[in-house]
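Remarks on the structure that follows.
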Amino acid sequence: MSELTHPHRLEDLPCHDPFILPIEGGYLLYTAYEQGRWEGQIPQGSDYPNPGGAGVLAWWSPDLQTWGSPSVVFTVPQGSWADPARSPWAPEVHAIGDQFVLSTTLHDPGTPLDSVRQRGTVITMDSDSWRGGFAPSLRGTVLAVAADPRGPITRNYAQATGHAPMMPEHGLGFWQCKLRYTSQEELLNVAREHKRRGLPMDVIVADFFHWPKMGDFRFENEFWPDPEAMVAELAELGIELMVSVWPQVSLESENYTELEQLGYLVRSNRGVDVQMSFEGPSRFLDVTNPAAREWLWSKLRVNYPGVKLFWLDEAEPEYAFFEFGAYSYYAGQVLEVGNVYPQLFSRAVYDGQIADGQGDSVNLVRCAWAGSQRYGALVWSGDIHSSFASMRRQVTAGIHMGVAGIPWFTTDIGGFGGGNIDDPAFRELLVRWFQMGAFMPVMRLHGDRGPGREIVAADGSRRCHSGAENELWSYGEEVYEILVRYVNIREELRDYTRGLMTAAHVDGQPVMRGVFHDFPADEQAWDVADQFLFGPSLLVAPVLEAGARRRDVYLPAGAKWTALASGEVFDGGRWVQADAPLGVIPVFARDAALPQLVGTLA
């Protein structure tokens, strides 16, 4: 294939008058579809015309030594040019593990570039689907992505600081969590009930203090007698287990003496060598030390067999007193190098997972630094208050996280603290937050709900408390019916979300983004702070005020917008007032995208 020239005819493929364009990473095949097939030979040289009609794309991968083709048909206007040097759709092919991704812009070839607000397609496919050769009926996922001008900025930043991995399949659906499931049986009963009710769930979380002491990095036997059996049963239910890991090491931990002697703990420059006191005095593991990172993974891999996801809490780390001059790391004084700690905490686990052959991974973390995304960091906004004011801040936080080059973001649906499950006002807040969460990069329900309960071991000794129930069915029948609708909408979005995660991985594009990202020429789009885009095709306008049953929504210019609740279509460049009864979040689809969602929100 390396000797192919442009253009080049293939007489031995079962398709209509194909030709090949050499592109980065291989060769692109364009073949006319039945309605638009060529008659006769394609003229040599750069000025060969396209007669118009529909077309099919395929590409040759030197790595796989075979052809692949998606079942994607698109229209090419009469008289347009197929030469990529003259065409604004300039294709690129990227090899990513077992997937190959074709990205192009999708515009009428010949359109002046300075007048194009570029959108494009990303077509992804599993190489196993077409390893045998040309397969025109291949499944494909088609996604519109932003390309200009915000796209190159985020793309170049990812190139400089690292690309996020491909989000694993279990990162696309619903995650169930609370403070805290106190035993193996309690956690399993929630998973079993979810499946009995026919509700989707990808991940369930064992939160903090499932351990005897901080720094033991293992389950406490009394409450979690058989972790391997638990992981195995969850796997049969199609659910992955996430386990909380804190970097604190209690002075009473079974590992404290070893870590102190090895020099793997953060050092205090003055005063008592205690850096935090929550459920007892503790010090922090010094993850800036490569040997300490390896030590941590050696414990996690043995003590949490079969666990693929970790919740890396306290990643700042959270000193009892933020007197940074009082502490030093292996890498230097905290005043000089402190911000790199959360990145290296993520790296400790990610490097171990990759070395053990896990492949793409995602780990939840409370803090990040430049480059954290390349270590599978899913950043959440921490222990936020349960209020509409706090919910509003999550829109800003998510947009800013994407601008900062971290494409994966999530939040505690309902907020972390201050919510009582019997309070009607909190139930309204939970519904509104849950609706918004269905359109965020990761949908994760979590919080310390009231009223809480105390936990006591068999010997009468105290354990860390647990909050009230926090399952979909914990808030009454009216709320339950709404939450079920939106958790199923999230499942309906799985293919679309997978495409967004591909664009984040390949191209550095944020999954949750400001309206300005795709509509930079619209001045109003830069000032909209209470709505966001979930990828390029869905505009999400969450209800951010208690008691509100409608809200104003700005629809950016340059597209038509379909209200998913009603199916009504609006021109862009205008404000509309959208109805928002308790069960409805205003969401608008761009240019008739995702038509299967119309009517599902109401």
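Counting begins at 1 with the first residue of the sequence.
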Just by distance, no angles: are the side chains of [X] and [Y] close enough, under 3.5 Å, to form a donor-acceptor pair?
{"X": "Asp412", "Y": "Trp380", "value": "yes"}
{"X": "Glu491", "Y": "Tyr486", "value": "no"}
{"X": "Thr562", "Y": "Glu568", "value": "no"}

Using modelled atom types only, decide if a donor and an acceptor are shared between the side chain of [X] and the backbone of [Y] within a distance under 3.5 Å.
{"X": "Arg192", "Y": "Leu187", "answer": "no"}
{"X": "Gln353", "Y": "Lys308", "answer": "yes"}
{"X": "Ser461", "Y": "Ala457", "answer": "no"}
{"X": "Arg374", "Y": "Arg347", "answer": "no"}
{"X": "Arg551", "Y": "Pro586", "answer": "no"}
{"X": "Arg427", "Y": "Tyr475", "answer": "yes"}
{"X": "His446", "Y": "Ile413", "answer": "no"}
{"X": "Gln176", "Y": "Asn470", "answer": "yes"}
{"X": "Gln275", "Y": "Ser282", "answer": "no"}
{"X": "Gln531", "Y": "Gly514", "answer": "no"}

Taking side chain as C-beta onward, heavy atoms only, is [X] less than 4.5 Å from [Y]?
{"X": "Pro200", "Y": "Asn488", "value": "yes"}
{"X": "Trp311", "Y": "Phe208", "value": "no"}
{"X": "Leu533", "Y": "Phe516", "value": "no"}
{"X": "Leu309", "Y": "Val203", "value": "yes"}
{"X": "Asp518", "Y": "Arg513", "value": "yes"}
{"X": "Val587", "Y": "Phe439", "value": "yes"}
{"X": "Val576", "Y": "Phe570", "value": "yes"}
{"X": "Met167", "Y": "Pro407", "value": "no"}

With a 4.0 Å cut-off, would you call [X] and [Y] a salt bridge?
{"X": "Glu169", "Y": "Arg498", "value": "yes"}
{"X": "Arg549", "Y": "Asp579", "value": "no"}
{"X": "Asp216", "Y": "Lys213", "value": "no"}
{"X": "Arg462", "Y": "Glu279", "value": "yes"}
{"X": "Lys560", "Y": "Asp591", "value": "no"}
{"X": "Arg453", "Y": "Glu186", "value": "yes"}
{"X": "Asp383", "Y": "Arg366", "value": "yes"}

Item to check | Pairing residues for His170 by the ring pair (Phe, Tyr, Trp, His ring centres under 6.0 Å) criterion, not counting sequence neighbours | outcome: none
Checklist entry - Does Phe209 have any ring pair (Phe, Tyr, Trp, His ring centres under 6.0 Å) partners at least two apart in sequence or in another chain, and if so, which? => result Trp211, Trp246, Phe278
Is it the case that over 12 heavy atoms from other parts of the model lie below 6.0 angstrom from the [atom1] atom of [X]?
{"X": "Glu222", "atom1": "CD", "value": "yes"}
{"X": "Glu193", "atom1": "CD", "value": "yes"}
{"X": "Gln596", "atom1": "CD", "value": "yes"}

Item to check | Verdict with supporting geometry, Trp369 and Tyr341, side chain to side chain contact (heavy atoms under 4.5 Å, CB included) | outcome: CA-CA 8 Å; Trp369 183 241; Tyr341 188 100; over 6 Å; no
Of the non-hydrogen atoms in [X] and [Y], which two are nearest, and what is the gap between them?
{"X": "Gly171", "Y": "Val442", "answer": "O-CG2, 3.8 Å"}
{"X": "Ser386", "Y": "Leu429", "answer": "C-CD2, 3.4 Å"}
{"X": "Phe434", "Y": "Val487", "answer": "CE2-N, 3.9 Å"}
{"X": "Trp433", "Y": "Ser387", "answer": "CZ3-O, 3.7 Å"}
{"X": "Pro536", "Y": "Leu500", "answer": "CD-CD2, 3.6 Å"}

Any chance the rings of [X] and [Y] have centres within less than 6.0 Å?
{"X": "Tyr375", "Y": "Phe345", "value": "no"}
{"X": "His517", "Y": "Trp526", "value": "no"}
{"X": "Phe324", "Y": "Phe322", "value": "yes"}
{"X": "Phe219", "Y": "Tyr304", "value": "yes"}

Can you give each donor-acceptor pair under 3.5 Å made by side-chain atoms of residues 392-404, sequence neighbours left out, with the distance rounded to 0.1 Å?
{"from": "Gln394", "atom 1": "OE1", "to": "Ser381", "atom 2": "OG", "distance (Å)": "2.5"}
{"from": "Gln394", "atom 1": "OE1", "to": "Thr411", "atom 2": "OG1", "distance (Å)": "3.3"}
{"from": "Gln394", "atom 1": "NE2", "to": "Ser390", "atom 2": "O", "distance (Å)": "2.9"}

Checklist entry - Taking the six-membered ring of Tyr480 as reference, does the NZ or CZ atom of Arg197 fall below 6.0 Å from its centre and within a 45° cone about the axis? => result yes
Can you measure from [atom1] ([X]) to [atom2] ([Y]) and round to the nearest 0.5 angstrom?
{"X": "Leu538", "Y": "Met512", "atom1": "CG", "atom2": "CE", "value": "13.0 Å"}
{"X": "Leu378", "Y": "Phe409", "atom1": "CG", "atom2": "CZ", "value": "9.0 Å"}
{"X": "Ser244", "Y": "Glu314", "atom1": "OG", "atom2": "CD", "value": "9.0 Å"}

Checklist entry - Could you walk me through whether His505 and Trp408 pass the ring pair (Phe, Tyr, Trp, His ring centres under 6.0 Å) check? => result CA-CA 10 Å; His505 171 48; Trp408 299 349; 8.9 Å; no
Checklist entry - Could you walk me through whether Tyr554 and Asp527 pass the side-chain hydrogen bond (donor to acceptor under 3.5 Å, both in side chains) check? => result CA-CA 10 Å; Tyr554 181 71; Asp527 295 326; over 6 Å; no
Item to check | Thr600 and Glu492: CA distance, side-chain angles, deciding distance, side-chain hydrogen bond (donor to acceptor under 3.5 Å, both in side chains) verdict | outcome: CA-CA 10 Å; Thr600 61; Glu492 184 66 31; over 6 Å; no
Item to check | Parallel, tilted or perpendicular, as decided by the 30° and 60° cut-offs, for the rings of Tyr496 and Phe534 | outcome: perpendicular
Checklist entry - Between Asp207 and Lys178, is a side chain to side chain contact (heavy atoms under 4.5 Å, CB included) present by the stated rule, with each step listed? => result CA-CA 7 Å; Asp207 199 355; Lys178 62 162 283 186; over 6 Å; no
Checklist entry - Checking salt bridge (charged side-chain N to carboxylate O under 4.0 Å, His left out) for the pair Arg463/Glu220: CA distance, chi angles, key distance, verdict? => result CA-CA 11 Å; Arg463 296 294 184 270; Glu220 185 170 10; 2.8 Å; yes
Item to check | salt bridge (charged side-chain N to carboxylate O under 4.0 Å, His left out) between Arg494 and Asp202, intermediate numbers included | outcome: CA-CA 11 Å; Arg494 183 173 288 269; Asp202 277 14; 2.9 Å; yes
